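To keep things clear, I will list the structure first and then write my remarks on it.
Only a predicted model underlies this, so the values are computations on that prediction, with no experimental measurement involved.
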Amino acid sequence: MLRIYGFLIAIVILGIQSFLSRRNNVYWGAILPVMYLITFTYLWISETFFVKNTSSFLFGVFGGLVVLLGAWANGRESLKKKRKKELEKMKLHDFK
């Protein structure tokens, strides 16, 4: 049951990241990756997070960052395509 909750939380976080990445201000999409990095840095320094293997911990940190930054990049690209499509519609209406 705990794995299902973890999976659902991950889906919600990725949905939020996708939403924030599509906002006009580019920095909204940086909020979750920065929070993710700060959280894991805090857990590493304070030693409240039991780490069995340093390499697997670092793999998890960098893997999560890659996923969040990938969602950020996809959101920015989506916004760029949407703007381009709207601009083409506006140009088409100007010709008429």
Side-chain angles (χ1 to χ4, degrees):
M1 192 61 149
L2 189 59
R3 288 184 184 202
I4 293 173
Y5 290 139
F7 183 73
L8 291 176
I9 290 170
I11 295 295
V12 168
I13 288 173
L14 286 175
I16 292 169
Q17 177 64 12
S18 178
F19 173 76
L20 291 175
S21 297
R22 288 183 169 89
R23 302 299 95 202
N24 285 332
N25 191 342
V26 69
Y27 297 113
W28 282 109
I31 292 172
L32 288 179
V34 169
M35 285 176 46
Y36 182 81
L37 190 60
I38 289 171
T39 301
F40 274 92
T41 303
Y42 170 75
L43 292 174
W44 179 265
I45 291 171
S46 68
E47 297 178 2
T48 57
F49 188 68
F50 183 73
V51 180
K52 293 180 182 178
N53 187 354
T54 304
S55 62
S56 65
F57 178 78
L58 292 176
F59 180 73
V61 170
F62 290 120
L65 278 176
V66 165
V67 169
L68 289 172
L69 293 175
W72 188 16
N74 286 338
R76 298 310 302 167
E77 188 65 31
S78 173
L79 181 64
K80 187 188 297 185
K81 287 179 183 178
K82 181 180 175 184
R83 286 181 179 168
K84 185 177 178 180
K85 189 175 181 181
E86 288 177 7
L87 186 61
E88 288 174 358
K89 284 182 182 179
M90 288 172 40
K91 286 181 181 179
L92 185 63
H93 285 250
D94 287 341
F95 286 129
K96 289 184 179 182

Please report, to 0.1 Å, the donor-acceptor pairs under 3.5 Å made by any side chain of residues 25-33, with sequence neighbours excluded.
unit_1 : atom_1 : unit_2 : atom_2 : d
N25    : OD1    : Y27    : N      : 3.1

Do the side chain of S18 and the main chain of L14 share a donor and acceptor less than 3.5 angstrom apart?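 No.
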Can you list every pair that meets side chain to side chain donor-acceptor pair (under 3.5 Å) and has a residue in residues 67-80, with sequence neighbours left out?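 Every side chain to side chain donor-acceptor pair (under 3.5 Å) pair that includes a residue of residues 67-80, provided the two are not neighbours, is R22-S78.
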Which other residues belong to the hydrophobic cluster containing I11, where Ile, Leu, Val, Met, Phe, Trp and Tyr are joined when side-chain heavy atoms lie under 4.5 Å apart, directly or via other members?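 Members alongside I11: F7.
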Hydrophobic side-chain clustering at under 4.5 Å (ILVMFWY, transitive links): who's grouped with I38? Put none if nobody.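 Same cluster as I38: V34.
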Between CZ on residue F40 and CG on residue L58, distance to nearest 0.5 Å: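 Going from the CZ atom of F40 to the CG atom of L58 covers 10.5 Å.
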Shared hydrophobic cluster, [X] / [Y] (ILVMFWY, side-chain heavy atoms < 4.5 Å):
X	Y	answer
L65	I16	yes
V67	F57	yes
L69	Y36	no

Under the rule for side chain to side chain contact (heavy atoms under 4.5 Å, CB included), what residues qualify as partners of I9, not counting sequence neighbours?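 With sequence neighbours excluded, I9 shows a side chain to side chain contact (heavy atoms under 4.5 Å, CB included) to I13, given in chain and number order.
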Could you list the residues that satisfy side chain to side chain contact (heavy atoms under 4.5 Å, CB included) with T41, not counting sequence neighbours?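 Testing T41 for side chain to side chain contact (heavy atoms under 4.5 Å, CB included), a comparison that skips the adjacent residues, returns L37, I45.
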Determine all donor-acceptor pairs shorter than 3.5 Å in which one atom belongs to a side chain in residues 82-89; sequence neighbours excluded.
unit_1 : atom_1 : unit_2 : atom_2 : d
R83    : NH2    : N24    : OD1    : 2.9

